[in-house]
2 protein chains.
Amino acid sequence: MKKTRKTIQKELIFETVRQMKNHPTAEQLCQEIQKRHPTISKATVYRNLRQLSKIGKIKHIEMPDSADRFDHFTDNHYHIKCNICERVFDVDMPYFDKIAEMIKDNKGFKIETHDLVFKGVCRDCKKDKK
Amino acid sequence: MKKTRKTIQKELIFETVRQMKNHPTAEQLCQEIQKRHPTISKATVYRNLRQLSKIGKIKHIEMPDSADRFDHFTDNHYHIKCNICERVFDVDMPYFDKIAEMIKDNKGFKIETHDLVFKGVCRDCKKDKK
DNA sequence: ATTTATGCAAATCATTTGCACATAG
DNA sequence: CTATGTGCAAATGATTTGCATAAAT
């Protein structure tokens with residue numbers, strides 16, 4: 001297994017994920033980082049996000065219908081996305097280990113992970129509608 | 001609201017979703033339909049799949065990391081995808097209405113839907129590994 | 001006759017990859 | 001020195017869209 005190196009880019013990407021607590025997309029992270037380090041490329045951002053989530057330093061949130069998000073908070077938890085403003089929020093639902101156990105019969109399937117994303121309308125957007 | 005028309009393409013697409021019970025992708029459906037109706041275009045398939053799922057005649061399964069799937073079975077249910085062979089199966093988990101209720105505090109969020117996809121290794125692929 | 005649908009190609013969006021060059025170990 | 005990382009642009013994969021034409025009501 002190849003070993004990973006410490007680079008300015010990687011440090012910056014990790015730090016930016018820690019600072020942006022709004023579940024940013026790769027694109028949003030890239031734009032934010034480019035304010036301080038204008039030459040960083042999208043490819044580098046994607047590559048490092050992948051690597052950082054593989055080693056568990058950040059969390060990769062796979063969104064079903066839009067760009068994936070990244071999270072500084074790496075404990076198991078779920079998310080809810082507002083269909084109007086597209087923002088993603090954490091959800092207080094401490095049943096991560098319970099969910100897979102709810103399956104009645106998994107036909108010999110070895111379950112490794114599960115992705116659960118809620119969707120709806122956030123409080124702010126409910127207000128705006130009126 | 002505009003009204004929808006009956007076309008040979010739409011009928012074929014709906015019928016093919018009913019017949020292919022393996023949660024096909026739009027691409028797979030398109031290829032299958034082209035055996036009988038070679039001139040059908042991918043765009044027509046996508047457009048009709050969208051329309052048919054909007055009116056509830058088929059189910060659109062949004063996959064987090066790969067092409068979406070389509071399902072003839074429209075009742076609320078969940079899916080599990082094998083990371084090896086990429087096949088998608090139904091999961092016996094009759095708690096659809098329970099899941100959203102498990103959220104402790106949704107901060108004024110109006111939950112409309114939720115997507116839950118399990119991932120792992122299916123029985124066949126477990127066997128093949130040995 | 002009017003409006004929705006089709007087929008094609010081009011566009012879009014998110015992400016990945018090839019490659020030459022740079023740099024960390 | 002050598003393997004990993006970077007930046008760029010091009011490639012990929014899934015899906016959508018513009019447009020002229022066709023078909024349904």
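Keep in mind the model is a prediction, meaning the values are calculated, not measured. Lettering of chains follows the sequences in order, A, B, ..., and the numbering in each one begins at 1.
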- Per the under-4.0 Å heavy-atom filter, residues of residues 56-72 of chain B near DNA chain D come out as Ala67(B), Asp68(B)
- Task: Identify, with sequence neighbours excluded, every residue that meets side chain to side chain donor-acceptor pair (under 3.5 Å) alongside Ser66(A).
- Result: Lys81(A)
- Across all chains, not counting sequence neighbours, the side chain to side chain donor-acceptor pair (under 3.5 Å) partners of Lys42(A) are Glu27(A)
- In B/S/- notation, 5' to 3', how is nucleotides 20-25 of chain D contacted by protein heavy atoms closer than 4.0 Å? ---BBS
- Could you tell me the separation between the CG atom of Asn48(A) and the C1' atom of dT15(C), rounded to a whole number of Å? 15 Å
- Would you work out how much the helix from dA1(C)-dT25(D) to dG25(C)-dC1(D) bends between its ends, with each end axis defined by five base pairs, to 10 degrees? 30°
- Query: What is the distance, rounded to the nearest whole Å, between atom NZ of Lys54(A) and atom P of dG5(D)?
  - Reply: 11 Å
- Given atom CZ of Arg50(B) and atom C1' of dT4(C), what is their separation to the nearest angstrom? 14 Å
- Residues from residues 16-25 of chain B sitting under 4.0 Å of DNA chain C, heavy atoms only? none
- Item | Whole-Å gap separating C1' (dA5(C)) and CD1 (Ile55(B)) | 14 Å
- Task: Determine which pairs satisfy side chain to side chain donor-acceptor pair (under 3.5 Å) with at least one residue from residues 82-91 of chain B, sequence neighbours left out, and list them in order.
- Result: Glu112(A)-Asn83(B), His23(B)-Asp90(B), His77(B)-Asp90(B), His79(B)-Asp90(B), Arg87(B)-Asp124(B)
- Task: May I have the distance from Leu49(B) (atom CG) to dA14(D) (atom C1'), rounded to whole angstrom?
- Result: 13 Å
- Please identify each residue that fulfils side chain to side chain donor-acceptor pair (under 3.5 Å) with His114(A), with sequence neighbours left out. Tyr78(A)
- Message: So, does Gln51(A) get its side chain near the phosphate of dG5(D), meaning an N or O under 4.0 Å from OP1 or OP2?
- Response: yes
- Close residues, residues 26-44 of chain B, relative to DNA chain C [heavy-atom separation under 4.0 Å]: His37(B), Thr39(B), Ile40(B), Ser41(B), Ala43(B), Thr44(B)
- Message: If I take atom OH in residue Tyr46(B) and atom P in nucleotide dT12(C), what distance separates them, rounded to the nearest angstrom?
- Response: 18 Å
- The remaining residues in the hydrophobic cluster of Val117(B), counting side-chain heavy-atom contacts under 4.5 Å among Ile, Leu, Val, Met, Phe, Trp and Tyr, are Ile61(B), Met63(B), Val88(B)
- Value in whole Å for how far the P atom of dC8(D) lies from CD of Gln9(A): 11 Å
Please list, pair by pair, any protein nitrogen or oxygen found under 3.5 Å from a nitrogen or oxygen in nucleotides 19-21 of chain C.
none

- How would you list, by chain and number, every residue that makes a side chain to side chain donor-acceptor pair (under 3.5 Å) with Gln9(B), sequence neighbours excluded? none
